[in-house]
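Some notes on the structure that comes next.
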Amino acid sequence: MLAPRPATSTKRKDIVILDVTYIRGPSRWTYEPILEAVIDIGELEDYPSNLIPGFYERLSSWLPTLIEHRCSYGERGGFLRRVREGTWPAHILEHVMLELQDLIGRPGGFGKARETSERGVYRVVVSALHEEVALAALHKARDLVMAAIEDRPFDVAAAVEELKDLADRRYLGPSTACIVEAAHERRIPAIRLNDGNLVQLGYGARQRRIWTAETDRTSAIAEGISRDKDLTKRLLQGCGVPVPEGRLVDNAADAWAAAEEIGVPVVVKPYDGNHGRGVFTNLFTRQEVEAAWEVAKEEGSGVIVERFMLGNEHRLLVVGNRVVAAAKGESAIVIGDGRSTVLQLIDAQLNSDPRRGGTEDHPLNLVRIDSAAQIELARQQCTPESVPAIGQAVLIQRNGNVAFDVTDEIHPSVAAHAVLAARAVGLDIAGIDLVAQDISRPLAAQGGAIVEVNAGPGLLMHLKPAEGSPQPVGSAIVEHLFPAGDNGHIPIVGVSGSRGKTRVARLVAHLLQFSGQHTGLACSDGVFLGTRQISDRNGDDWDAANRVLMNRSVQAAVFENGVHSILTQGLAYERCRIGVVTRIDPQLTLPDYDVRTPKQLYDIVRTQVDVVLPSGTAVLNAADPAVAEMAALCDGDVVFFASSPEAAALAAHRGAGRRTVFVRDGQLVLARGSEETELLPLAAVASARGADLRNDTGRELVEDLLAAVGAAWALDIAPDLIRTGLETFEPVPACPVAAAARAALVD
């Protein structure tokens, strides 16, 4: 059991949030976005949880699901065991914040609580998919923990509901989210481009864009055609796809005339509507048809009347050239008990189903008496207030939610018709609505037909069907956009360290550009696309890097990543092909961030090596023992560089047959084991001409040159191109903006 620590603080017993930082990319903590909060627990430092009467009981009863938190014991119930034995409020706050996010269906996963150098002050770090939601969860967690400490009531359900409402408004919708999750499984990066559902998958020239279930391959023309149901029908007829007979009508009288021409029963619907609004089926009488026309005309710019097809409604999802999911609708029926009204029966027999509701968590909608249901009831000589006899079946909706999975039942010819329909309209992703009695049989054999082709189809019915298996529709869309072997990555080079980052980044970008790749660069000198500077950096490293990654013309990218930016923003990319670390200054401290030791600085800079892809390379300074030590952290290959071939780490690396870059007798040398290539004399490199390896400044300049050469070599740039690139590199920015900024720094 934990005993109280010696009391030295005069602060009150409270949890005070001193500072909050949202870190959007890989950092010293983890690869994922996090919220980092600095908190002061004051006198609570002297009161671990085991010394607060009733705290364990209150916390575990309010949040019983904390039993699933394993904590340091690595077993179910591990965290609650820590609470019973005694732990501090910062640790408890971390777990409560994680649990609140889990309860709203947005599981976090990563959490840490760490002491700082100031007594009672901690850093609490928790996974955070969205800054605003995570910040709200932090404050709710703080209030809950304080209520448990002070033995005050706390409405957990209300707090969770408030957070869930915020998450529903701020997070990606379920259709977009399932695609992004599938992309993450394929290690394809994602960038959210707005507050809605517009998302970029991949980087630079390899990117694709999605907006819910539409992609950058979904043409505006095809989308317009799909909204025009009459035009869609004519295009499908021209391809031999079975469609119901019907036509556009001008008014209520014309609607009945069309019904007589076609033959009842008929369907009346808006010809450019969506989501089933204003659609009336199985209409027999003039009164029904004209009443339906009055409602349908308000839902679109025209009304169409077509033959009613006997059977169930189905929705087939076409992605690319294949059907990847199918769902079926079912009728909504109540059975009379001789004492309840139709409305009461609906609530008791239909809406009581836990699968029904008004949120994305419910695969079935609540049943309401709308205009279509009114017609169905009238046909059965019922009203919502009627009391059906015992055992009497009353039809409320002929086709309810299309949410019952039938993917495995589709007949090949039905799937072929659906794919042909999507191609006829021109959609790469389409929701095909068809009516059939049995989807496992050909349409022609049962008089089935395709009734609509929809752009931007909803995916929820396939992700959370009322019955049947969820279908991997997100994965199908990602595979459509990124065929096997394509991960959406471009070559990314990240450069970190205490000094020399800008020089290395500019030279690597120059060598990439010289090799024929349109290269984006974000460094202290500014943001560059090729040789053109488009802005200065303005201190926002994340924004600068994202501007490069979002540019569709960029084929390769180079980023300078300072210690401060990794601490406060994280890296702008998930993984990189090349990670360069120049050197670590053991004297550098950042007291404002409680970075006071070389080990803390090491843990920040190592982030650049942690994100190197298994197929990538870390380019490390062998002359700096701390940097050389990072070789063991790299998932990929390692290239060592040093101004002298005698550097111990470099010599050992070379002895193992690995790649090294160094200077010997004034020559810049590339070596793989004993195999050497003399690249060019150091004196031939304009930026290093006259460098004196006997002093620190000259040695650092040459090391930066070697780092850039090592990165270029790891990028498979040919030695001849590297040589010419070094001879043509301009060490000083030519752009007036960058030159002015450099001059201001000198002044």
Side-chain angles (χ1 to χ4, degrees), residues 104-107 129-130 133 164-165 167-186 188-202 207-220 222-223 226-227 274-277 313-320 322-329 355 357-365 401-407 418 422 425 427-433 452-466 468-482 488:
I104 64 173
R106 322 289 184 180
L129 295 179
H130 191 282
V133 176
K164 191 174 188 309
D165 179 65
D168 288 342
R169 288 184 280 115
R170 295 292 182 264
Y171 281 155
L172 293 171
S175 294
T176 308
C178 83
I179 301 170
V180 172
E181 288 166 9
H184 283 161
E185 290 176 4
R186 286 265 308 271
I188 298 169
I191 300 174
R192 191 173 183 177
L193 299 178
N194 66 0
D195 291 335
N197 290 303
L198 179 61
V199 177
Q200 172 183 317
L201 302 179
Q207 69 176 272
R208 307 304 305 273
R209 290 176 183 166
I210 60 169
W211 196 325
T212 313
E214 294 184 80
T215 78
D216 49 15
R217 290 181 178 175
T218 305
S219 78
E223 188 176 355
S226 71
R227 287 196 298 266
N274 52 36
H275 300 296
R277 289 190 291 267
E313 289 186 8
H314 295 78
R315 165 60 66 89
L316 276 60
L317 180 65
V318 174
V319 178
R322 64 190 183 99
V323 173
V324 299
K328 180 177 72 171
R355 297 174 300 176
T359 72
E360 294 167 350
D361 295 326
H362 299 92
L364 299 176
N365 293 330
N401 293 100
V402 181
F404 299 84
D405 182 70
V406 290
T407 303
V425 173
L427 292 171
D428 65 322
I429 299 177
I432 308 297
D433 290 340
E452 285 188 20
V453 177
N454 302 279
L459 305 180
L460 194 59
M461 66 185 72
H462 307 301
L463 297 171
K464 295 181 178 180
S469 301
Q471 298 299 320
V473 294
S475 297
I477 292 173
V478 171
E479 290 167 10
H480 164 61
L481 296 174
F482 297 91

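At least one side-chain heavy atom of I104 sits under 4.5 Å from a side-chain heavy atom of V133. Put simply, the side chain of R208 does not reach to within 4.5 Å of the side chain of I210, judged on heavy atoms.
Considering CD of E452 and CG of D433, their distance stands at 5.0 Å, rounded to 0.5 Å. The distance from atom CG of N194 to atom CD of Q200, rounded to the nearest 0.5 Å, is 12.0 Å. Between L172 atom CG and N197 atom CG the span is 5.5 Å, to the nearest 0.5 Å. Atoms CD and CG, from E223 and L427 in turn, are 8.0 Å apart once rounded to the nearest 0.5 Å. The CZ atom of R322 sits 9.5 Å away from atom CG of L317, with the distance rounded to the nearest 0.5 Å. In this structure, the separation between OG on S175 and CG on L463 is 6.5 Å, given to the nearest 0.5 Å.
In this structure, M461 and A403 approach most closely via the heavy-atom pair CB-CA, 4.4 Å. P457 and R315 make their closest contact through CB-NH1, 3.6 Å (heavy atoms, listed as atom of the first residue, atom of the second, distance). V319 and A476 get closest at one heavy-atom pair: CG1-O, 3.7 Å. Closest non-hydrogen pair, A327 versus V402, comes out as O-CG1, 3.3 Å. Taking every heavy atom of both residues into account, V453 and A430 meet most closely at CG1-CB, 4.2 Å. Contact record, A190 with H184: CB-NE2, 4.0 Å, taken as the closest heavy-atom pair.
Under 3.5 Å, the side chains of N454 and S226 contain no donor-acceptor pair of N or O atoms.
Each of V199, L459, T215, L481 was compared with I179 under the side-chain contact (heavy atoms from CB on, under 4.5 Å) criterion, and only L459 meets it.
In this structure, the side chain of R355 engages the main chain of A466 through a donor-acceptor pair within 3.5 Å.
By the side-chain hydrogen bond (donor to acceptor under 3.5 Å, both in side chains) test, T407 pairs with D405, sequence neighbours left out.
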Would you sort out whether W211 and L193 count as a side chain to side chain contact (heavy atoms under 4.5 Å, CB included), showing the intermediate values? CA-CA 10 Å; W211 196 325; L193 299 178; over 6 Å; no
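With a 6.0 Å radius and a threshold of 12 heavy atoms from other residues, nucleotides or ligands, D195 has its CG atom at or below the threshold.
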